[in-house]
Structure formats: C-alpha cells, structure tokens
K.L.:
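I'd like to ask you about the structure that follows.
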Amino acid sequence: MTTTHAKTAAAPDAVDFLGLDALLSDEERLIRDTVRSFVRDRVLPNVGEWFEAGTLPRELGRELGRLGLLGMHLHGYDCPGASAVAYGIACMELEAGDAGVRSFASVQGSLAMFAIYRWGSEEQKRTWLPRMARGEAIGCFGLTEPDFGSNPAGMRTFARRDGGDWILNGTKLWITNGSIADLAIVWANTDDGIRGFVVEKGTRGFSTSDIHKKISLRASITSELVLQDVRVPADAQLPLAKGLSGPLACLSEARFGIIWGAMGAARACYEAALDYAKTRVQFDRPIGGFQLTQEKLANMLLELGKGSLLALHLGRMKDDGRLHPAQVSFGKLNNVREALKICREARTILGANGVTLEYPVIRHMNNLESVLTYEGTSEVHTLVIGQQITGISAFT
Amino acid sequence: MKIVVTVKLVPDPNAEKRIDPATKRLVRTGVETVLNPYDEYALEAALQLKERIGGDTTVTVFAMAPESLKETLRKALAMGADDAVLLSDAGLEGSDVWGTSYAMAHALKKVGFDLLIVGGLSDDGSTGATPGALAEYLQTPLVTNARKADVADGKLQIERETDTGYQIVKAPLPTVMTTALTFGEPRYASLKGIMGAKKKTIAAMALADLGLDQSVGAAGAKTELLSFAPPPVRGKGNVVEAADGATGAKAIFDFLKEKKLV
C-alpha cells in the first residue's frame, strides 16, 4: 500500500513561474549564477553605451575566455567540455545582457571553433582551439554573401588549386566579428564542391570593412570580408568538410544557442516591464493594477515559460544525442518569434521610456530583429519543419 | 602552507529580508543562500596568496551551516579552493556570536591552519565580532582590514587599510587575518572550476567531534535579542524647482553648502 502525502504548493515566482529552476542540477545553477553575475557586473552597466557607440570592446573576448565560455561545449584542446544545457544556459544569460555579446560567444564557439573542431586537422585544432578558448585569438565565419543568404549553395566565392596552394576570390557579407578576427573560416566553392578554409588576418589580398548604420545588434561588430587572389597553403583547408553539410553543421550548433539566448532577451524585457508596471503610477495607481497591463504581462509570462521549457527540453535531447536539426529549427522559429513579441509588448508597457537606452527593452527588441533572420530566417525554419512533416521540399 | 578561509552562508543580500517575529531570526524560506560577500574577498585573498606562494600551499574553506546548505559551498570550490569542511549540527542552531566563535575555534583547531582568513563582516548578522573572538580562542595574533598580504620567512605582512592611509603590519604564523573590500574584486568561478568542483571534498564535522565543555546553540547563548525594528522610513526629499538649469544648480549648491557638504 502506498501512502500519499499532500505537499504544499509554493507560490510561483514572478519570473520562473513554472519552477524550471528545479529541473537544473546544482552545477547548472552555479554556471547560470556565475554568467549572470558577470553580465550584471560587466555587461549591463556598459552595454547601453556600447550599443549607442556601435562597438563591442575586444577585451570582452578575453574576459569571456577566462570564464571558459568560448567553445565551452567542446572537449579537449583547453575547452571545458560542458554539456549542451550548460552552453544553452550561458547563452541565455549572455543574451539577457545583450544579443551582441551572445553573438560574439556563438560565432567564436559554435561557428569558428566548432568548424575547426569538427572538420579540422589535428594540427589546426592544436594551433587554434586553445588560443580561441582563451579569447586570445578571435574567429569569424564567412558563409553569407551579398547575393546568397538563405541559398548558400549558390555562393560565388571560389577557391581554385594552384600547385599545392589554393587561390580564393569572393566577398562575404554580414560577418560577425569580421574585422576584429584573427582568423576567418571561409566557405568557398571548388571544382569538387564546397570546402572550408582557415584564412588568417593579414594574408595578402584579404581585407575587411565594417558595416555601419545598423539599428540592430549595435553592440557587435559586423563586417564584409573581401578575398582578392588570396593564396593559402594546402593545410589551410579544413580536410574533413565536404559539401554544404560542413557549414550547416556549424549553423545548427549556433542555432541551438539562439533558442536559449532569445529567451534570455525576452526574460530581461519581461522583468523590465513587470518592474515598471509595479512602480509606474497613472490615474493614482500602479499601471500593473490595470487589466490591460496584466493581460500583457500574463501573455508574456506564458510564452517565456513555454519557450524556456522548450529550450531545456531540446538541450536535454542534445545531450542525449537525439536532437534532429529540424527540431533545432522548431526551437529557433518559436523562441525568436515569441521573444520578439514579448519585447514589443514590454515596449508598450514602458511607454516613452521603452524607446530609450536607459531601459533594456528597445535594445533587445531591435537586436531580435537580426536574430529573427540570421542563422536561418524564420521562413527557412518554417520550410525545414514543413519539409519534415510532409516529406515535400518547398524551398525552390 | 595551509590557508583556511571561513565562509558564512547568508541569505542573498539582494533579496528582501524579513525577520520572523516569533524566532527573531531571518526568514530563509524562499530566499536563496549565497556565500557572504565579505567572505568572497577573504577567499580571493587566499587564492591570490596561493598563486603567489605556490609550492604545496592549499586553501580550505570552512563553514558552519546546516547540512542542507552544503552545495552552496561548491561556489567557493569552483572559485579555486582545494577542499571544504562543513561543521553542521542541530545543536548549533540559535548560537550567538560567542557560541559560534567558540564552536568554530574548536573545529578550526582540529582542521589546523597556518593562516586563517576571515571576512570582516557578515552580511546578515553584521556583528563583526567573530574574527576577534576566533583569534582569542585560537590564541593567535589578529591583523585586520588587509588590502594586501604576503608571506615570507614564516611571517605574514599586510598593508592594513585605515581612515588616513595604511599601515604595514607583520605577524608570525599561525595568525588570523581579516580582509578589506579593497583587496581586489573576488574572481568569477570559471567553467572549468565549476565542473571540477564536484570532484572536490566537503568533509563533515559535528558537535560530537569537537568535545566542547560548554553548551552552544540557543541553550548556551549568552546574549539575547530583545527586540528589532526596521530602519525608519526615509522622508520625502526636497524637490528643487527652478526656471533654468543655472538657478536650479545654485539652489542645490546653496543647500549642500548649508549642510556643510561642499
């Protein structure tokens, strides 16, 4: 016979309403708390200025490296070998600071480092990964071109053989960390299909220029890479990457981090809106006491809770080796879309204050406009899911 | 050299504090427990000394707290401490400053140390009396408010922060030292540190291990908290209304001058 004991249900927390905290291990909670305090101390006091100035300090890379957040889910080569969930938690906390900071870590760890880790030679791994993990060497990832975004297979950048060397020509656009990078992972077409190359800063014919006048992801460097008869030796090629699956595997890694990051930005906006609603008085009472505001807050909380639970579920699946790329698309499509809605709703609660950099809301909202389309647009992720459930490709 | 750092586990300083009128103790339910922020500076000092001295120097953290808070100590281990000792016993509950120091001193004698580093204050109790009481029971010198420290030839030398500057003070080991908040910002735990912390040991100690000849806990307390009250509510501030910035600035300046603040 079993006896059931009635338990007293604790009153839900205003942010972690579903008590998801209890689903994390002590170690995961410590990682979250550590990254959260780093963001509170180092990012939040400065990010408004970085955003306004359109910059991200290079030093931040070393600080993230010291914390062990660059390539944190890779094993060996001085990388910590953390779980996918731990990586997701870090992305969530970094993006609760700013998507620019999370993008820096995503590009470094999941795109540039992961490309070398997954497709590189032992020598390439030994040369680059420890320095990149420490943030001493910064990497960028050149896939997108001016005329080829969602359709990378059509890329014009071409690498031709010249004796033992390769000669690269082409242009890459919207490249995060481009001008501050010490090395670029460049994807190029060859006579044998798409291949990846490590192009070091300073290589003759390789130049970068930054993209200005952005209204989104301003605390992030975005560049154009120009390759004009860039000669690299045979050992600059990533030997194991053959075809489009090379860059796509890297993108799937980064997208996984975005699933979490988007909920970090959403949480920051929800918290700002909740705090504002409880203190802003109109018609002699806090605006949080009005039904319309409560409905907004409740709806924001619903999607924040569901999106965070989804991120954790997909993270546990990834750690279990069961996560399919189409499920990553599911997560990215849902969480970025809902995060954007939460931030926009938060904006309305803050009224005019919502459009200034004194509050985090408009910054997150604008950042998410980039996150919505980079690493696969929401349309592409919709079609990935559509193809998976119907068996019919609707891409072309 | 063996460095021991005492850490107190306190309710999150950023959380709203509430005192239970019946027990006159801080309500801990629903409030996260963290390392006492002052003790993080003590730990930072210990880790810096370990890095500088090298060799076989070890850093042990020591806490007196309920067994249920054991995992909070992992943060100290993740920051770089080598191991931890947790003194835990239902009989310690309700100890006053005397009882706490008395029990801790006996436990620390058993743990052993060359240098004991203690945070200057606890964020919850804020008596600031424990370091002095520990040094007394441990029969060691006490050097306080260190902003820098070094060990050479079996002696500790510190720069002791004062209101007017600093003093250089030397003391033979073993000794007890407290840290100033100018010692250096406590480091963040690194991811590798966090992942390595679960393999480190947290040894358990109980009252029975100490052989105390006086009772501690609520029964042995020599002081009693009679009453408590929240701080007075701050009055409304003065709002300066002025036609332009210059007039407003002058009005504020005159106010500060009157109060002899400028």
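Just so it is clear, the values below take in all heavy atoms, side chains as well, and ignore hydrogens, waters and symmetry mates. Each chain gets a letter, A, B and so on, in the order the sequences are listed, and its residues count up from 1.
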K.L.:
Residue by residue, scan residues 178-189 of chain B and write down, ordered by number, those that have a heavy-atom distance under 4.5 Å to chain A; if none do, write 'none'.
P.N.:
B/Tyr188, B/Ala189
K.L.:
Against chain B, label A/Asp13 side chain, backbone, both or neither, depending on which of its atoms sit under 4.5 Å from a heavy atom there.
P.N.:
neither
K.L.:
Any chance NZ of B/Lys2 has more than 12 other-residue heavy atoms, nucleotides or ligands included, within less than 6.0 Å?
P.N.:
yes
K.L.:
Output the residues of residues 191-208 of chain B for which the shortest heavy-atom distance to chain A is under 4.5 Å, in residue-number order; output 'none' if no such residue exists.
P.N.:
B/Leu191, B/Lys192, B/Ile194, B/Met195, B/Lys198
K.L.:
Which of the residues A/Met72, A/Arg66, A/Arg29 is involved in the greatest number of heavy-atom pairs with chain B at under 4.5 angstrom?
P.N.:
A/Met72
K.L.:
Can you confirm whether A/Glu49 is buried at CD, in the sense that more than 12 heavy atoms of other residues, nucleotides or ligands lie under 6.0 Å from that atom?
P.N.:
no
K.L.:
Got a sec: does the CD of A/Gln294 have more than 12 other heavy atoms crowding it under 6.0 Å?
P.N.:
yes
K.L.:
Might you confirm whether atom OH of B/Tyr38 has over 12 heavy atoms from other residues, nucleotides or ligands at distances under 6.0 Å?
P.N.:
no
K.L.:
Considering only heavy atoms, which portion of A/Asp78 lies under 4.5 Å from any heavy atom of chain B: side chain, backbone, both, or neither?
P.N.:
both
K.L.:
Tell me, out of A/Pro80, A/Gly68, A/Cys79, who's got the most heavy-atom pairs with chain B below 4.5 Å.
P.N.:
A/Pro80
K.L.:
Can you confirm whether more than 12 heavy atoms, excluding those of B/Phe228, are under 6.0 Å from its CZ atom?
P.N.:
yes
K.L.:
To the nearest 0.5 angstrom, please state how far the NZ atom of B/Lys70 sits from the CG atom of A/Asp26.
P.N.:
11.0 Å
K.L.:
May I ask you to check whether over 12 heavy atoms, not counting those of B/Glu51, lie within 6.0 Å of atom CD?
P.N.:
yes
